Student: 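One structure is given below, represented as structure tokens, and several questions about it will come after.
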Number of protein chains: 2
Amino acid sequence: MAIRPAEQLIHKAAWLYYAHGLRQDQVASQLNISRASVAMYLRKARETGIVNISTSTQLFTDDVLARKLEDALSLDAVWIAPENAHIADPSTEIAVLAASVFLELVKKGDRIGVAWGRTVYMIADVMSYADLQDVTVVQLCGNLGAPYSYRPDQCTMEIARRLNAKGLNFYAPLVLSTEELARALRDEPVIREQLSGVSECDLALYSVGAVDADSHLVKCGALTPGEMADLRSRGAAGVIAGQIIDADGKLLGCSYNRRVISAELASLRAIARRLMVVQEDSKFEPLLAAIAGGLCTHLVVGAHMAQRLLDHARAAAEKAS
Amino acid sequence: MAIRPAEQLIHKAAWLYYAHGLRQDQVASQLNISRASVAMYLRKARETGIVNISTSTQLFTDDVLARKLEDALSLDAVWIAPENAHIADPSTEIAVLAASVFLELVKKGDRIGVAWGRTVYMIADVMSYADLQDVTVVQLCGNLGAPYSYRPDQCTMEIARRLNAKGLNFYAPLVLSTEELARALRDEPVIREQLSGVSECDLALYSVGAVDADSHLVKCGALTPGEMADLRSRGAAGVIAGQIIDADGKLLGCSYNRRVISAELASLRAIARRLMVVQEDSKFEPLLAAIAGGLCTHLVVGAHMAQRLLDHARAAAEKAS
DNA sequence: CACGGCTCTCGACAAAAGTCAAATTAAGCT
DNA sequence: AGCTTAATTTGACTTTTGTCGAGAGCCGTG
């Protein structure tokens, strides 16, 4: 990909402005263009990730609650988004925080696994741009034709686009109608390769889904409300990368799971850094299940959820003693 | 280290402004302070590395010349600072570029070896602030009491301060008056430990010194101009971390070198990423020597020097064929 | 070759950010 | 306590930056 002269100019303007600290009019006279153009170039530079402005998320880990949670749940790191009267929309706050944390966790050369859902898409949406050409973003599960804009492949591609990274999509449906077909498809070289590549990821980004009629699995037609209720009564506690898990975070033995094309839980656990983000307070049980299953090393949640998790962990510890 | 309430405010202001994209007056009303205070907090946030603004140095590696040099000299990466009429001061430009490159190369948890000299100090001086608490900056060579502000320990400490990292100083003189004393001092546990810790570094930052009367070694009284001229006639080609090397980049066998307390060349070569920065065109031969000795994997130079290096490499290749 | 459609560029104005000295508060010291 | 000194905070002012519509250049097309 040859660099267009315009891109050269953007680079130069960004360099003079941000690295040298010149003012826009000084940059303009250096490059013999108008100051207005400089301002425009600088905006483009920010939008394309040529310049990177990042703020430390230290503040959110420094929370005492976050430290206590790290200990209680043996997680590597926890970030807690405040939820007070000043914050207009807690779920957006969580997404913005998660995007910052995610960018802080990404390193050069990383391979990143991304699942799908409203949360992941919201994170992608507020994520700032970066220039990480040697990064690869891979899709963790099959696709779901949906009336929503947050299809699995869109989550992956949007994040790849923001990072200026390579995006690897998964060309298979999430759920098939028979177990046989799913087995056959999983054996296809293309799919097999993609699935085995998951454990080579250095970083995963996902949320956990609830097992109820509001689930995307229901909304997208993969399961009927009745089936969902049935699974729930049989121990389903949450949804990870399109798969149903029980309260221990283990794959639930059910026809649905056998018809799904997605990364195995063991592959997910093989990823060193697993960033889980949960926005809704209602996802308490699903989150507990995911944590129990060791599907999460790094966690971003709201203050209320954090408190509930800590209370639960303490109650459990007391019961045990 | 408890976070003072003021620091909390700086964090919050930076978060709202840079991560959420609020305007200063909106931040001010959120935090119930005046907009002027917000502006001040934001400046502090930038100065302390709570927010990080970095510009890609892509532009300088994209240069065709840089690519050719990487091939010709088998270096991992080369950055070339332009030297045209618009650039007021090429050596500053090189330092600014080197500082950006350095920050791009630093990763979390790194141990960084830093040598000393005008170039290194200039880089430290223009380096922007960052918040890398788990990084350690170690001094690669002994100290030289000097009338200059760029003593070895100052280079190390200034860089550590800018990165908000731990600085590890070297409490020994660079040169001693007898070889015996130098040997004895090198055997001291404190010094021995420091020296052996050098090869555990992940990144090194240094320049190369010239073997002439203008050298710091002469200016600081470590060597007389006469001794320097003598060393030169005996094959001295450059100075690395206070030690004299020959044209092949090997340690020159001389009394001076035996009286020096500094990181061994083998230890330096054991560091995976060795960033060498050369500002002066006059340091052509010293740089050739350093490259010959494998003391450099990443290089930042000016356009003129880059051209000379390439011409030299090509002439050498032609001769060989 | 004239015509829209397109992108790029610029001047002028409005908005936002930076700065400074004065005022206020906090902190140290006798 | 009473004084001095240093550090914050602020309102008012200046400088810098963002934005928008107009105009200029460019290309493919009819």
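Note that the structure is predicted; figures quoted are calculated from it, not measured. Chain naming here is simple, since letters A, B, ... match the order of the sequence lines and numbering starts at 1 in each.
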Student: My understanding is that only residues two or more places apart in sequence, or in another chain, count here; which of them pass side-chain contact (heavy atoms from CB on, under 4.5 Å) with A:E104?
Tutor: A:T57, B:K108
Student: Could you state the CG-P distance from B:L31 to D:dT8, rounded to the nearest angstrom?
Tutor: 17 Å
Student: Rounded to whole Å, how long is the line connecting atom CG of B:L9 with atom P of D:dT8?
Tutor: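 In whole Å, D:dT8 P lies 12 Å from B:L9 CG.
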Student: Calculate, to the nearest 0.5 Å, the distance between atoms OH and CG belonging to B:Y17 and B:L42 respectively.
Tutor: 6.5 Å
Student: State yes or no: are the ring centers of A:W116 and A:Y121 separated by less than 6.0 Å?
Tutor: no
Student: Does the side chain of B:Y41 get closer than 4.0 angstrom to OP1 or OP2 of D:dT9 through an N or O atom?
Tutor: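 Yes.
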Student: If the cut-off is 4.0 Å, is A:S37 near the phosphate of C:dC10, judged by side-chain N/O to OP1 or OP2?
Tutor: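 Yes, such a contact exists.
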Student: Would you mind building the protein contact string for nucleotides 16-22 of chain D? One character per nucleotide, 5' to 3', B for base within reach (heavy atoms under 4.0 Å), S for sugar-phosphate only, - for untouched.
Tutor: SBBB---
Student: Rounded to whole angstroms, how far apart are CD on B:E47 and C1' on C:dG18?
Tutor: 13 Å
Student: Run the side-chain contact (heavy atoms from CB on, under 4.5 Å) test against A:D76 and tell me which residues pass, sequence neighbours left out.
Tutor: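 Listed in chain order: A:T297, A:H298.
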Student: Find the distance B:I53:CD1 to C:dA17:C1' and express it as a whole number of Å.
Tutor: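 The distance from CD1 of B:I53 to C1' of C:dA17 comes to 13 Å, rounded to the nearest Å.
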Student: Check whether any side-chain N or O of A:R308 sits under 3.5 Å from a backbone N or O of A:D281 as a donor-acceptor pair, and report yes or no.
Tutor: yes
Student: State whether a side-chain donor-acceptor pair under 3.5 Å links A:D89 with A:S91.
Tutor: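 Side-chain D/A pair, A:D89 to A:S91: present.
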Student: Starting at atom CG of A:N32, determine the distance to atom C1' of C:dC8, rounded to an integer number of angstrom.
Tutor: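 Interatomic distance, CG of A:N32 to C1' of C:dC8: 16 Å.
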